[in-house]
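Beneath this line is the structure, given in structure tokens, with notes to follow.
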Amino acid sequence: MQRIGVFVCWCGSNIAATVDVEAVSQALAKEPGVVFSTNYQYMCSQTGQDMIQSKIHEYNLSAVVICSCSPRMHEATFRRTCEKAGLNPYMVEIANIREQCSWIHKDRAEATEKAVILGRAAIAKVQLNAPLTAGTSPVTKRALVIGGGIAGIQTALDIADAGFEVDIVEKEPTIGGKMTQIDKTFPTLDCAACILTPKMVDCAQNEKITIYAYSEVEAVSGFVGSFRVKIRRKARYVKEDVCTGCGLCTEKCPQKKVPNAFNLGLDTRRAIYIPFAQAVPKVATIDADYCTMLRTGKCGVCSKVCEAGAIDYKQKDEVIEREYGAIVAATGYNPISLAQFDEFAYSQSPDVVSSLEFERLMNAAGPTGGTLLRPSDGTHPKTIVFVQCVGSRCDGAEKGKPYCSKICCMYTAKHAMLCREKYPDTDVYVFYIDVRTPGKNFDEFYRRAVEEYGVHYIKGMVGKVVPENGKLKVRASDLLDGRQLHIDADMVVLAAAIEPDKSARPLATMLTASMDTNDFFTEAHPKLRPVESPTAGIFLSGACQGPKDIPETVAQAGAAASKVIGLLSKDQLTCNPCVAAPNEMMCNGCSSCEKVCPYGAITYVDKEFRGPNRTTLIRRVAQVNPAVCQGCGACTVACPSGAMDLKGFSNRQIMAEVDAICL
Amino acid sequence: MMKFSYFPGCTLKTRGAALDRCGRAAAEALGFALEELPEWQCCGAVYPNARDEIATRLSSVRALMAARDAGTELVTLCSACHHVIKRVNGDIRRDEDIRAKVNNYLKPEAPYAGEAEALHYLEVLRDRVGFDAVKQKVAAPLAGMKIGAYYGCLLLRPSKELAFDDPENPSVMEDLIRALGAEPVVYAMRNECCGGYVTIENPDYAKKQAQRIVDNAKALGAECLITACPLCMYNLRANTDGSLPVYYFTELLAKALGVDGEEAKQA
Amino acid sequence: MIDMMEQITRIAGVNPRKCMRCGKCSGACPAYDEMEYHPHQFVSMVENGRIDELMRSKGIYTCLSCFACVERCPRSVEPAKLIEAVRCAVERQQGMDRLRPEAVPGLLNPDLPQQAITSAFRKYRK
């Protein structure tokens, strides 16, 4: 029999207003094993904790029951309190009489009765508690960042700055991500490349950082502190360590008709290419879909002109394996396909472009050398219509996304402003549903577009775009003026909704990290743990967690890095001792537990057992790796023979709680 | 041979006879049979958007039940008939209340629960026959013709229910035009309203609508238009300047297959 | 008027509260200039219970039922269904038919398809 102390908390008036705390502590004092019972205003306060510790000594308590708020709030607090008084921390049980009682009941008598019952259940359980000791596991002091955009770059730089090794895996031939394609950044209008490329160079030159560009994560195993990751290094057909990045091959390659993905197909490049001048690593890549040599075996021009001898047509994909203590997902976003919104005639006219395409058309390194020209005929557009919220804020899953894409209001204001600045004779219309510009200096920026640059902001939406005789006939509503507008535009720019990169979903499966219905990674807590996945050791950086602009992305990237640094600076991790453990004598080797385990913590071994008459038997029995087990309990339910049990939540303990409530 | 139940609808026996006649001739040439439903009634003419309208849904249900009992899919040529019949079928499948009331009213031997499949003739060509097979049967390719497909509203919208094609950038008629050896002209007004029945009350308003469609098609280089709807046909002919000839898609189909007879003179 | 509003949304089977005031319906509507209350206003006025004003408006007869607003509405509000529900509410009253059989012969012309008359009859009469 335990010597149990019961401590009932008022939580100010949160509990005491609805529950008669004095009655509860008196009723629980009569329970078997309870040698002390009291109540107090704030049990979590220092005074409250001091009282618990002194009563443990005074009454020689072997177990403690706290009737208070949810264990998610203060279980760790009270465990520490009791541990300092010499008790095993797992000899503490919490009865939640706030969230599960006082907050949801109005009737004081009923609530008091329920609080007593919940306390009684906790007492019944703690009677069967056994001291548990948490094990430890080592930490591999190296981090993996998946995705080499601004989010991944910032996270990697911050981790490296703290002295830890960090690898970046990027699926494109260069790091840099979407920000490399952007012309200017709001609200300061500084050039995106000018602020990004120094960071890319820093990554390349930092000896703590290894960049695996043109590579993809293929498999992840292990757990927090010791992940094992397989990385596929796709064949570039160019030796990365030999290529000098001189670019001669990209000028001599005879295959000129390859759509240039960096410019979103607005111009062409060669089959061997370096995406842009400041690429990191600055190494050529052969596009196997277009290379004549790889497709027909005849050509070899790039190999002939390469003085460094870097071309290797026989190169194969290579899979490498690395160990990491922490993994950061920074897989970013893409604009959605506009094919489903052809009321705007995106697929019918080259002069209807997405906002990202517009960035390229304004960019000095873009297909028009920074002069805004219509893709159809290379003339200056005089009337430009911007359409906001294309595919954002849509109801239902058939078309578009239910969320606000967050960045479009600001980049459209930027586009409109830049148009008016560079080409003052241009008429610029922006059709908006709401202008959403919360952020430092954001609304001022938008107002400047209206007030100083004379951009026509119209509350309403475009309903139809009709290409005709070189014009785009735009039909739209002007809700404030109460009229339908018919504008003959030269260009229409669509602010397409953004969505997580397609690689995020399979990656989440590999990482056992959770996602929402829109394929954004879910954070461990929406307010208090925004850069951590609920899966231990997995962290989130940038737009893979939700739509974000650059300043927010960089802030979150730094936050993710600090969480990684916190983890990597530990030599050992304390494991959760509440893990599954099989009773080998009862295990029948059926594998049911192994099949349901979401963490791969269960394996089977053949083990020798003593049989009757001094014989030995070989039996196949389950083994749990306590470092991998997360204590979810799925195996205990699946086990047909009842051999699997969860420490701290054993079947006997749960049944004792149920009995205490029901009997 | 593939067999389908066929629902012509009111106009295809009179003003829209060419749509029907060429459609039947082409079906024969392409190797599928259209078996006209015996004693068919009006489709209902317009789809009743009001959810509490039951009587106006019944005639469509009768046609659908007849097709179910014949064990065939129900094919229509007229866009309006197709629109009404397909959406009523959807109501019966989705809306328990409508299904119960319709069956209560009709008291059929076997209650109707949406078992029949309503298909437009163009869907038959695309999904049952296949445009490659159509192409192989073409005897007189319409080489050099630049044709604008006019879809209008009823074939495409609401796409959630019609599930006919991309409602904003459809391609079924363009694919047909290509199969017939002609060149499709894609123009944005092809899914805008022709003016519909408003021509009765307010022909000026219908004229504005129809002319905008013709102007856009012409600007993009169309030399003629094709449609699947007799009312669209009327508006595009009677309520425009007549600068673009308008044909039923079956007329050009039959012509290309070499089975058109009298339509050859027109086209 | 609250009862009337409930009746309209029930007949239409749509929820005007889903409207986010984007105005895409009114941007898409080919009959905009023929209506004194435009599609987005229709939605808002139904939500605010201004049904009698809508029942008196001629826009309920000039809606082409082309479903452009239904197709393009990002919120599945489907204004055309509300417009038709109001028209039904008018025509279901005694003596409120828009088109009477006696008027039909005067409307016919040799090229007009039957479909036009039957459609109009269905739209304008209960």
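Scope of the values below: all heavy atoms of this structure, side chains included, with no hydrogens, waters or symmetry mates.
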Engaged part of [X] at the chain C interface, taking heavy atoms whose separation is under 4.5 Å:
{"X": "B:Pro167", "result": "side chain"}
{"X": "B:Ala50", "result": "both"}
{"X": "B:Cys78", "result": "side chain"}

Residues 153-162 of chain B vs chain C, non-hydrogen distance cutoff under 4.5 Å, contacting residues -> B:Cys153, B:Leu154, B:Leu156, B:Arg157, B:Pro158, B:Ser159, B:Lys160, B:Glu161
Could you have a look at B:Gln209, B:Glu192, B:Arg212, B:Glu201 and say which one has the most heavy-atom pairs with chain C under 4.5 angstrom?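 Winner by heavy-atom pair count: B:Glu201.
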May I ask you to name which of B:Val198, B:Asn235, B:Ile200 has the most heavy-atom pairs under 4.5 Å with chain C?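 Highest number of pairs under 4.5 Å: B:Ile200.
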Portion of [X] that has a non-hydrogen atom of chain B nearer than 4.5 angstrom:
{"X": "C:Ala85", "result": "neither"}
{"X": "C:Leu112", "result": "both"}
{"X": "C:Leu107", "result": "side chain"}
{"X": "C:Gln115", "result": "both"}

Over 60° means perpendicular and under 30° means parallel, so tell me whether C:Tyr124 and B:Tyr197 are parallel, tilted or perpendicular. perpendicular
With a 3.5 Å distance limit and no angle check, can you tell me whether B:Arg237 reaches the backbone of C:Asp111 through a side-chain donor-acceptor pair? no
Which pairs, with at least one residue in residues 53-68 of chain C and sequence neighbours excluded, count as a salt bridge (charged side-chain N to carboxylate O under 4.0 Å, His left out)? C:Arg50-C:Glu53
Beyond-backbone contact of C:Arg10 with B:Arg51, side-chain heavy atoms, under 4.5 angstrom: no
Can you find a pair of side-chain heavy atoms, one from C:Gln114 and one from B:Lys13, that are under 4.5 Å apart?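 No, too far: nothing below the 4.5 Å cut-off.
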From C:Arg87, C:Arg122, C:Arg92, residue fulfilling salt bridge (charged side-chain N to carboxylate O under 4.0 Å, His left out) relative to B:Glu53: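 Of all the options given, the one that passes is C:Arg92.
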Can you name the nearest heavy-atom pair linking B:Gly195 to C:Leu64, along with the distance? O-CD2, 3.3 Å
For B:Asn49 and C:Glu84, the nearest pair of non-hydrogen atoms, with its separation, is N-OE2, 3.1 Å
Distance alone, cut at 3.5 Å: any donor-acceptor contact between the side chains of B:Tyr234 and C:Asn109?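 Yes - a donor-acceptor pair under 3.5 Å links their side chains.
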